[in-house]
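Please read the structure below before turning to the comments.
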There are 2 protein chains.
Amino acid sequence: MTDKPAAFTACGGCAARRLNLCAGMQRMANAPVPASSGRALVQSILARRVICGPREWSEFVYVICTGWAMVSTALADGRRQVLSFLLPGEIDSMASLFEPRFGRTIEAITEVHYRKFRREEMQNAVFSNPDLLRTLGELCSAERTHADNLALDLGRRTADERIARLILDLSKRLAQHGMMDGQMMDFPLRQRQIADATGLTAVHVSRVLNEFQRSALIRIGERRLTILDASGLRRLAEA
Amino acid sequence: MTDKPAAFTACGGCAARRLNLCAGMQRMANAPVPASSGRALVQSILARRVICGPREWSEFVYVICTGWAMVSTALADGRRQVLSFLLPGEIDSMASLFEPRFGRTIEAITEVHYRKFRREEMQNAVFSNPDLLRTLGELCSAERTHADNLALDLGRRTADERIARLILDLSKRLAQHGMMDGQMMDFPLRQRQIADATGLTAVHVSRVLNEFQRSALIRIGERRLTILDASGLRRLAEA
DNA sequence: CGGATAGTTGAGTTATCTCAAATGCAGTGG
DNA sequence: CCACTGCATTTGAGATAACTCAACTATCCG
């Protein structure tokens, strides 16, 4: 829970596109903390810690600055569905700009630096700036597309397809952030988390991932993933 | 494709809540067509017809006035996922207020009367009225909740749970529209459509539905559904 | 170093799917 | 009005993708 303005250089430069906070909002993310807000709004949190719990009424909107986070919902009996992984510059949902989002948990996957904006201030900023308003629309639209694809994945695609698509989606988003090292990327996800994102079990994820490695599609190790055969992977995913 | 202002009385009175267009927008739905728009914006369409195709660039936002419609995405090989069923007063997605929604098909399930608003006019109306703006936020939030639940259903719930929940969700929404007749409701859905909404096959939907009937939870016939044992159904759904 | 967490692998199970045939029902055209 | 065609539903039988359980190993973290 320390102030770390230095950490923000990481989100300054990237040309965010899809679920990301685009230019306008990124500017906000990097802006100095408004004098009006009486507390430091920049936070850092350890891997695996909860950033915002499902029953927490929060007056803040959270923006990831560095690291990976995830958003999930869960059932009383422990079944859990990951709704999205958040990369730097991303927000848990446009909807949280309007109302606190009950039932969703945001947690850190790696160590995360994030920034909290008072919902009200953020709303005012957005609604008073036509530029930001347009951005809002685009993000809303992108978010909807993401939700649609998730439903299509979970409802209609096979395990292989879902996992291939997850890998490709992450690599694409990381590339947009300039976070790909050739075909290699950071890959801090646990198989359990992949399972909860794809509606599978961890055991099955393990089998599929190993099958992918045996077929020389990808290579995983040291918490990093290399795409060896992008077109093969895409063929699997596009089905 | 005829003008049918009379049809709108049906959407005038209901206290819309979740995905519905609430008070403010309902007022818009019932307002006279702006003189500026050079064509009749009220349409009627037969059951099973497509209202807006997946590749169609539409400058309109569609609001259902009477009847049931559905929104879906599909894969090239025919696999299809229904994203939501639309009841009177509902809009396909808040996001369509900002951008045309490619990849989604809106089709009529029953005969449908719907209204088209020019996206731009609707945007202007919403952004110039703080009341509508608040409504927008609520709807955005409700829509996100719906999407989250859909993912949780498809990824983590059993067939029985999904189907029980679909029935309860529809009955709840119909009740909000004053469209329940005691425990009885219109139920124009084909099993194929239920299957595509729940990520199952039509054959399996048939089995589950019959099992529900054998257990005296529900009763289906004549395109109507009666909930015989609401608490039993809820117990199944809540898992 | 030691305990906890994460990943692998095998064997057996099951929810759901596929295929297929039989029946019902609705709309069409003669 | 009826035969005809096409869709929707039901039901059975068998197949399979993904799951569960369980044991083992590897990796991480304090």
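Letters go in sequence order (proteins before strands), and every chain restarts at 1.
- Going from atom CD1 of Ile163(A) over to atom C1' of dG7(C) covers 14 Å, rounded to whole Å.
- Comparing the helix axis at one end of the helix from dC1(C)-dG30(D) to dG30(C)-dC1(D) with that at the other, each defined from 5 consecutive pairs, gives an inter-axis angle of 50° (nearest 10°).
- A donor-acceptor pair is defined here as one N or O able to donate and one able to accept, closer than 3.5 Å; such a pair exists between the side chain of Asp77(B) and the backbone of Arg79(B).
- Under the 3.5 Å distance criterion, the side-chain polar atoms of Glu161(B) are left unmatched by any main-chain donor or acceptor of Glu238(B).
- Electrostatic pairing of Arg101(B) and Asp92(B) does not count as a salt bridge here, judged by no charged N lying under 4.0 Å from a carboxylate O.
- Salt-bridge formation is not detected for the pair Arg165(A)/Asp169(A): no Lys NZ or Arg NE/NH1/NH2 atom is positioned less than 4.0 Å from an Asp or Glu carboxylate oxygen.
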Base contacts versus sugar-phosphate-only contacts with protein, heavy atoms under 4.0 Å: please encode nucleotides 7-26 of chain D as B, S and - from 5' to 3'.
-SSSBBB----SSB------

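- For the pair Gln193(A) CD and dA6(C) C1', the computed distance is 11 Å after rounding to whole Å.
- You'll find the side chain of Ile91(B) stays beyond 4.5 Å of the side chain of Phe117(B), heavy atoms only.
- Using a 4.5 Å heavy-atom cutoff, the side chains of Met94(B) and Arg144(A) are not in contact.
- Partners of Phe187(A) according to the ring pair (Phe, Tyr, Trp, His ring centres under 6.0 Å) rule, which considers only residues two or more places apart in sequence or in another chain, do not exist here.
- Atom pair Glu211(B):CD and dT16(C):C1' shows a separation of 15 Å (rounding to whole Å applied).
- The pair Arg80(A)-Glu107(A) counts as a salt bridge, with a side-chain nitrogen and a carboxylate oxygen less than 4.0 angstrom apart.
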